[in-house]
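In listed order, ligands and their atoms are each counted from 1. The shown structure was predicted, so the numbers you read here are calculated from the model rather than taken from an experiment.
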Amino acid sequence: MTPEQFIEFARVLPEPLLLVSGEGQLLATNQPVADILGLRRQELPGRMLFELVTESTNDIVKYLQACSSSRAMVIGSLTLRKNDGQTLICRSQGAVIQPWSPESSALILLRLENRTLATNNFVLLNEKIDELAKEVQRRKQAEEALWKANQELEIRVEERTTALQETLNELQLTQTQLIQAEKMSSLGQMVAGIAHEINNPVSFIHGNLHHAHQYTQDLLRLVQIYQQVSPNPPPKIQEQIEEIDLDFLIEDITKLFQSMKVGTERIQEIVKSLRNFSRLDEAELKQVNIHEGIDSTLMILEHRLQAKHEYPEIKVIKQYSQLPNVTCYPGQLNQVFMNILANAIDALEAAANNGQWPAVNSQTTDNQNLTKNNPQIQIKTEVIDENWIAVSIADNGLGINEEVRSKLFDPFFTTKVVGKGTGLGLYISYQTIVEKHNGQLSCFSVPGKGAEFVIKIPVISGS
Ligand SMILES: Nc1ncnc2c1ncn2[C@@H]1O[C@H](COP(=O)(O)OP(=O)(O)O)[C@@H](O)[C@H]1O
Ligand SMILES: [Mg+2]
């Protein structure tokens with residue numbers, strides 16, 4: 001390319017272009033170069049490049065050599081001396097367009113680029129990148145915050161769910177307890193009501209029995225007097241005497257009255273037990289005889305202790321000590337005796353189902369053996385010290401293994417089939433003894449041998 005051709009070609013281009021020789025002499029430039037330098041274009045050809053820049057001649061020569069010996073574009077930096085004395089840093093891209101030859105010097109095309117503009121752009125770009133980075137950072141932080149919030153929310157939801165579940169469980173428990181308490185209270189009222197209703201007629205039967213016995217004795221004495229006065233009665237009377245078997249009647253009627261008396265007395269006993277058991281004074285602390293409470297509970301459970309087709313009789317062995325009266329809620333305490341005794345009976349029935357006590361079913365004459373091997377419940381009471389008493393209820397059923405024992409007093413824990421067990425008996429008993437009476441309830445068991453429940457209560461409890 002000749003300088004003329006170059007000018008022809010560079011004239012139309014907006015970027016500053018220079019054509020220099022390998023030695024650094026300006027051969028031609030376009031108008032943008034003149035504009036940057038603040039010179040007229042015609043003044044430029046023939047000048048040396050290092051006159052127009054601040055870099056040393058040495059640096060310029062080195063750069064131009066690099067340009068002429070490289071096939072690729074060589075990037076450099078030139079600080080132009082402007083006509084007005086100011087300098088301008090430019091980025092320069094140099095490319096050889098005609099290599100050096102012995103005949104002619106190399107021709108190098110330099111394309112200048114205003115560095116401040118680029119720098120500005122660069123600054124802008126940097127700012128953009130910075131902003132972007134910040135935005136990315138912000139988004140990351142937002143995302144993290146969101147993730148955290150989400151996590152916290154999940155934890156909170158979980159906590160709330162657990163709390164709700166607990167509340168629900170408590171409510172269910174309270175509801176069941178209320179139902180149970182309501183059932184017990186209406187059962188108590190019913191029992192007390194029935195006991196009262198039965199008590200009146202039984203009382204007058206019992207009271208009149210005495211008179212009825214007296215009247216029949218009087219009548220019999222009258223008959224005897226008749227017999228003495230008239231030892232040979234007419235045949236019609238003689239026939240009647242034989243028909244009613246008078247001698248037997250006289251002998252039997254006293255026995256009859258005796259057994260009727262025993263019967264009404266027993267009914268009165270039962271009524272007393274029912275009243276005692278159902279004590280409607282539950283809300284009040286009372287001084288009571290604990291043995292009466294146990295006995296009336298046993299009376300109510302009597303039908304379950306008797307031998308039945310599939311179960312042998314359950315022997316109750318009482319070992320009562322001399323106990324002081326205990327200040328307690330008697331109705332509630334009886335309920336505890338009931339729960340523990342009913343569990344013992346259940347355990348003995350389960351053991352019988354399991355084939356325990358075969359000796360009881362076969363006709364054995366060995367009484368000792370029978371006693372040892374029959375189903376039994378031992379009830380022991382004792383004074384621990386002047387402030388405490390203990391009641392122990394032990395059975396020789398199947399006993400309780402460690403796993404069951406650890407959950408015994410939990411609400412709704414039962415090993416019994418649906419309908420038979422509610423799992424509330426021991427839970428309520430525990431609450432009654434420990435919370436209402438400031439006492440202790442514990443269980444001891446040797447699996448396979450039986451279980452023992454020990455109730456310890458202060459003589460003056462509930463205070
Ligand atoms: N005397 C006992 N012998 C063996 N297991 C017993 C005895 N008493 C209680 N248990 C065990 O304790 C569990 C809980 O008793 P309880 O709270 O009265 O509930 P439930 O009798 O309704 O099952 C019973 O299901 C049973 O497994
Ligand atoms: Mg029970």
Side-chain angles (χ1 to χ4, degrees), residues 169-170 172-185 187-188 277 293-294 297-298 300-305 311-319 331-357 373-381 390-437 439-456:
N169 288 349
E170 272 170 30
Q172 277 177 337
L173 190 60
T174 316
Q175 188 196 29
T176 323
Q177 275 179 298
L178 277 176
I179 292 172
Q180 193 74 5
E182 184 55 35
K183 265 204 292 197
M184 286 320 298
S185 138
L187 184 69
F277 179 78
I294 300 173
T297 309
L298 280 172
I300 287 173
L301 286 170
E302 174 64 33
H303 70 288
R304 292 199 61 195
L305 299 170
Y311 301 121
E313 183 199 346
I314 295 171
K315 284 238 156 52
V316 174
I317 299 158
K318 295 184 199 169
Q319 286 175 270
Q332 295 184 12
L333 214 54
N334 289 348
Q335 190 58 50
V336 172
F337 297 143
M338 175 76 135
N339 288 340
I340 295 175
L341 284 166
N343 279 345
I345 296 171
D346 286 344
L348 292 169
E349 284 180 356
N353 283 340
N354 229 27
Q356 211 145 323
W357 309 297
N373 289 318
N374 66 5
Q376 52 181 251
I377 295 175
Q378 265 192 24
I379 306 174
K380 228 188 301 180
T381 63
V391 178
S392 142
I393 298 174
D395 64 76
N396 59 345
L398 292 177
I400 302 170
N401 65 35
E402 197 42 50
E403 204 205 329
V404 170
R405 219 170 68 92
S406 65
K407 298 185 202 136
L408 220 51
F409 300 115
D410 289 355
F412 304 115
F413 174 76
T414 180
T415 56
K416 294 166 195 172
V417 291
V418 181
K420 192 169 169 86
T422 59
L424 282 176
L426 287 180
Y427 169 72
I428 291 173
S429 301
Y430 192 86
Q431 307 274 316
T432 306
I433 297 298
V434 177
E435 266 153 45
K436 288 263 167 65
H437 291 91
Q440 297 163 12
L441 176 59
S442 30
C443 165
F444 305 92
S445 175
V446 178
K449 293 256 163 74
E452 180 186 15
F453 285 83
V454 179
I455 301 164
K456 288 185 184 163

Student: Counting only heavy atoms not in Tyr430, do more than 12 fall under 6.0 Å of its OH?
Tutor: no

Student: Looking only at distance, does Leu426 have an N or O less than 3.5 Å from an N or O of ligand 1?
Tutor: yes

Student: Roughly how far, to the nearest 0.5 Å, is CG of Leu348 from CZ of Arg304?
Tutor: 9.5 Å

Student: Looking only at protein heavy atoms, identify the closest one to atom 23 (O) of ligand 1 and say how far it is in Å.
Tutor: Thr414 OG1, 2.5 Å

Student: Minimum distance, heavy atoms only, to atom 9 (C) of ligand 1: which one of Asp395, Asn343, Asp346, Leu398 is it?
Tutor: Asn343

Student: If only side-chain N and O atoms count, and only distance matters, is there a donor-acceptor pair under 3.5 Å linking Lys416 with Asn343?
Tutor: yes

Student: Does some non-hydrogen atom of Ser429 fall short of 4.0 Å from ligand 1?
Tutor: no

Student: Using a plain distance cutoff, I'd like to know if Gly423 has any nitrogen or oxygen under 3.5 Å from a nitrogen or oxygen of ligand 1.
Tutor: yes

Student: Within ligand 1, which atoms have a heavy atom of Ala347 less than 4.0 Å away?
Tutor: 2 (C), 3 (N), 4 (C)

Student: So, Asn401 side chain and Glu403 main chain: donor-acceptor pair closer than 3.5 Å or not?
Tutor: yes

Student: What atoms in ligand 1 come closer than 4.0 Å to a heavy atom of Thr422?
Tutor: 22 (O)

Student: For the backbone of Gly425 and the side chain of Asn339, can you confirm whether one donor and one acceptor N or O come within less than 3.5 Å of each other?
Tutor: yes

Student: Do any heavy atoms of Phe409 fall under 4.0 Å from ligand 1?
Tutor: no

Student: Out of Tyr430, Phe453, Phe413, who gets a non-hydrogen atom closest to atom 13 (C) of ligand 1?
Tutor: Phe413

Student: Would you say Tyr427 and ligand 1 have an N/O pair spaced under 3.5 Å apart?
Tutor: no

Student: So, Asn374 versus Gln376: side-chain donor-acceptor pair below 3.5 Å or not?
Tutor: yes

Student: What atoms in ligand 1 come closer than 4.0 Å to a heavy atom of Gly399?
Tutor: 4 (C)

Student: At under 4.0 Å between heavy atoms, is it the side chain or the backbone of Thr415 that contacts ligand 1, or both, or neither?
Tutor: both

Student: Please list the nearest protein heavy atom to atom 6 (C) of ligand 1 with its residue and the distance rounded to 0.1 Å.
Tutor: Ile400 CD1, 3.7 Å

Student: Please check: side-chain N/O of Asn334 versus main-chain N/O of Thr297, any donor-acceptor pairing under 3.5 Å?
Tutor: no

Student: Walk me through whether Ile345 and Asp395 qualify under side chain to side chain contact (heavy atoms under 4.5 Å, CB included).
Tutor: CA-CA 8 Å; Ile345 296 171; Asp395 64 76; over 6 Å; no

Student: Start with the C-alpha gap between Leu398 and Gln356, add the side-chain angles, then the distance that decides, and say whether side chain to side chain contact (heavy atoms under 4.5 Å, CB included) holds.
Tutor: CA-CA 9 Å; Leu398 292 177; Gln356 211 145 323; 3.4 Å; yes

Student: Just wondering, more than 12 heavy atoms not from Lys449 lying within 6.0 Å of its NZ?
Tutor: no

Student: So, 4.0 Å and heavy atoms of Leu408: is ligand 1 close enough to count as a contact?
Tutor: yes

Student: Within less than 2.8 Å of the Mg ion (ligand 2), any N, O or S from Asn339?
Tutor: no

Student: So which protein heavy atom does atom 21 (O) of ligand 1 come closest to, and at what separation?
Tutor: Lys416 NZ, 2.7 Å

